[in-house]
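Each remark here refers to the structure printed beneath this line.
A, B, ... follow the sequence lines: proteins, then strands. Residue 1 opens every chain. What you see is a predicted model, and the numbers here were worked out from it, not measured in a lab.
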There are 4 protein chains.
Amino acid sequence: MARDPIQRRSKEKKRKIIVAGMKLFSEKGFHKTGIVEIAEEAGVSVGSFYGYFLDKKDLLIQVSQAYGSNIIRGIYGRITEEAPLSGSSHEIVKYIVDSARQAHTLSTELHREMLALKNREPEMAKLDKSITCSFQTGVESILENCRDRIKIQDIRIASKLVTGAIEETMHSCFLEHSEEPKDRIFEELIEMCTGYLFKPTELN
Amino acid sequence: MARDPIQRRSKEKKRKIIVAGMKLFSEKGFHKTGIVEIAEEAGVSVGSFYGYFLDKKDLLIQVSQAYGSNIIRGIYGRITEEAPLSGSSHEIVKYIVDSARQAHTLSTELHREMLALKNREPEMAKLDKSITCSFQTGVESILENCRDRIKIQDIRIASKLVTGAIEETMHSCFLEHSEEPKDRIFEELIEMCTGYLFKPTELN
Amino acid sequence: MARDPIQRRSKEKKRKIIVAGMKLFSEKGFHKTGIVEIAEEAGVSVGSFYGYFLDKKDLLIQVSQAYGSNIIRGIYGRITEEAPLSGSSHEIVKYIVDSARQAHTLSTELHREMLALKNREPEMAKLDKSITCSFQTGVESILENCRDRIKIQDIRIASKLVTGAIEETMHSCFLEHSEEPKDRIFEELIEMCTGYLFKPTELN
Amino acid sequence: MARDPIQRRSKEKKRKIIVAGMKLFSEKGFHKTGIVEIAEEAGVSVGSFYGYFLDKKDLLIQVSQAYGSNIIRGIYGRITEEAPLSGSSHEIVKYIVDSARQAHTLSTELHREMLALKNREPEMAKLDKSITCSFQTGVESILENCRDRIKIQDIRIASKLVTGAIEETMHSCFLEHSEEPKDRIFEELIEMCTGYLFKPTELN
DNA sequence: CATGAATGAGAATTCATTCAT
DNA sequence: GATGAATGAATTCTCATTCAT
């Protein structure tokens, strides 16, 4: 019966467990990390663990949510507000790509693990979706805000496509270690997306 | 001591185990599938399993290899030869996207599981890479073959980008169940890639 | 991860397991005794077993140590202090032989098993050696204490020989069931040792 | 159904298996040696193994018998005939001790393993007994043959005692590696036994 | 509330023995 | 007779979860 931490001490303990989980899931993966280990890392007893979390999966979900909300709040959350809408289409797309880039620099290893589990655990999938979605929504509203310079009809689908392409490129750049220079790849990515989304600039 | 099957019967048995593994890993995931279960599904004794495979991970690798080589041989392998090079740029890209689509229709669930494990198991990652690579190489050579109609400079990087975008779209369409109509998405995908790769057609 | 029992309850549990091991190893031998059986006999879960012992071999070692220290402390340990040094040489040797006899009445079956394993398990051999050694040392110091009545030069080697002969006789009397009357054998044994160790008595 | 080898080829095969068993049991111990391994070492199929032996234990027994009869025939068997009865009592005992010494030089490791199992396997115990017995009987008849110089009354018991002491000393010298010089120990052993068995020489 | 020892179902793996070819 | 692949019971060990203190 996971209790809701009311006192400060409790909250602190729960936080410690989440941090420990984040660290260990990242380092060793979900399946290879044991509860005892997590408790030790958090400086907490096994019993306490079950005071705050239903089971190991529950911890994973909360760890991922913490990670996810970091990304969402920290980066995608502000994507709309700070977008350089007055800039060139190239600049706008570059801003979007850079945002994603920042998000993925955060904690590659944990992301890896989340990805590894989202296909089996519905909670995980939901979370992943909400992260992606928040990115997608951000892009959508940016595009909405410069609808007159936009070429494509269905902003929804276009956003999906573009964010998908960006995400994938991030993964292939950060999780696998491709030989191609990252910067060249990102440039091309921006090129592709700009060309797809925006009307050609007059004087180009 | 994994014996190497020489005789027909043995080969057949090994194949059965691989098929069983493919099925169960797809349905329940690697971690939730037990050896006994696999053996039962294959109509084989546990002892026999260990006659052909070192352990469960060994089976996973071989299952994935089987799956991978299916895709490679069956689809990406022939991508270059059968590409409609004389068709319009749109048709060419459509052909590429459709190939990917076929590959992913094959065994979505297993692919899911492979993806889930490639981040922890080096063997798995290698395999995934070789599949992706075979696709990428196919696209590269197609582009090579109509270089005069191609807009982009670096075919290598462009292929990577395009195959990445296509793969990602496939996954988001087949593994997650997006609400948007698949066909619309694929159309847009083709649009994006065509616009990026090819010079604009005269009479457009 | 064999926990070291600090609290009373834990110690009690560990003791129970050792007793169970002692019993079963004695009755059925090391190889034919399973962990589950041991746990059941001890009234403890399998998990608990692994809480206190690294594995079955670890239990064997600790069982043997317990048994060994019983013998050493209980019998050989006091051999020097209580030896009837003022008695006749025959009485002294009789005392030594009787001590050994007591030691071997204790737990013949387990001793059997220890013997059976000392040739393969270094830990076991070490233990056996330390038991024998403690006996030998005891004999040495007794002989030291009546050096003037002693015939042989090298007390060390003589002790080794004598304790060896005594041990062997014990084993052949207790482990195998010889037909000869034990008492006659022990008498002769005493005779042999006395004659070897001590100068002949004047009035004999 | 262990068949009795009639043809030469069969006999040869069986012999090979026994030799293989002897080697492997010596090297790795009974429990850690597998049937497949034995068959391979013997250059024979697993099926064939079961053509000649009922099970692994059966092989052990036969291996031990082969080993035992080697000792018996080769050494203890001839002990009586070749004893230097005309020599001094010291020479006679020395001859007995040397015989035992030879017997134990033969295959220390296998003997070790036999010892390790004789306490559990009745067949094994029987065999060990028959070896010991053959030694004991040999000693008995030697003593019988110089009864006039013998001090002790009961030759039977005295032989048992003496052979026991000799055996034990052999084991402690060959199986454990005592630091004391072997030759000194053997000299003392001879001393002890001579003193016990024989009347003191007049002119000594 | 906290603790961490206890639990025991479940998982992987081995290997003596059989038997179809 | 010979072969060696097949069998599956038996064994060891792990670890998420509970609960008495």
**Message:** Rounding to an integer number of Å, can you tell me how far C:Lys14 NZ sits from E:dA5 P?
**Reply:** 13 Å

**Candidate nucleotides E:dT13, E:dA16, F:dT14, ranked by approach to the side chain of C:Tyr50 - the nearest** = F:dT14

**Asked** Counting side-chain heavy atoms from C-beta on, which of E:dT18, E:dA6, F:dA6 comes nearest to D:Val46?
**Response** E:dT18

**For atom CD of B:Glu37 and atom P of E:dA11, their distance in whole Å** = 8 Å

**Message:** Looking at F:dA5, I'd like to know if its phosphate oxygens (OP1 or OP2) sit under 4.0 Å from a side-chain N or O belonging to B:Lys13.
**Reply:** no

**Whole angstrom value for the distance that separates P of F:dC13 from CD1 of C:Ile17** = 14 Å

**Message:** Nearest whole Å is fine: how far is E:dT18 P from D:Asp55 CG?
**Reply:** 9 Å

**Spacing of D:Tyr52 atom OH relative to F:dT3 atom P, expressed in whole Å** = 9 Å

**Request:** Flag this pair as yes if the NZ/CZ of B:Lys13 is under 6.0 angstrom from the six-membered ring centre of B:Phe49 and inside a 45 degree cone about the axis; otherwise no.
**Result:** no

**Asked** Base, sugar-phosphate, or nothing for A:Ile35, non-hydrogen atoms under 4.0 angstrom?
**Response** base

**Message:** Determine whether a donor-acceptor pair (N or O, by modelled atom type, separation under 3.5 Å) exists between the side chain of D:Ser48 and the backbone of D:Gly51.
**Reply:** no

**Message:** Check the phosphate of F:dA6 against B:Ser45, side-chain N and O only, distance under 4.0 Å to OP1 or OP2. Yes or no?
**Reply:** no

**Asked** Can a salt bridge be assigned to the pair B:Glu123 and B:Lys57 using a cut-off of 4.0 Å between side-chain N and carboxylate O?
**Response** no

**Request:** Let me know, please, whether B:Gly43 or C:Gly34 comes out on the 5' side of the other along DNA chain F by nearest nucleotide.
**Result:** B:Gly43

**Request:** Salt-bridge test for D:Glu41 and D:Lys16: reply yes if a basic N is under 4.0 Å from a carboxylate O, no otherwise.
**Result:** no

**Request:** Could you please name the partner base of E:dA11, counting Watson-Crick and G-U wobble pairs only when both distances are under 3.5 Å?
**Result:** F:dT12

**Message:** Counting only Watson-Crick pairs (N1-N3 plus N6-O4 or O6-N4) and G-U wobbles (N1-O2, O6-N3), all under 3.5 Å, who is the partner of F:dT21?
**Reply:** E:dA2

**Message:** Output the rounded distance in Å from NZ (B:Lys56) to P (E:dA12).
**Reply:** 5 Å

**Interatomic distance where CZ belongs to A:Phe49 and P belongs to F:dC15 [whole Å]** = 15 Å

**Prompt:** Quick one: C:Lys57 NZ to F:dT11 C1', roughly how many Å, whole number?
**Reply:** 16 Å

**Request:** Step through the shown structure and confirm whether more than 12 heavy atoms of other residues, nucleotides or ligands are within 6.0 Å of NZ on C:Lys23.
**Result:** no

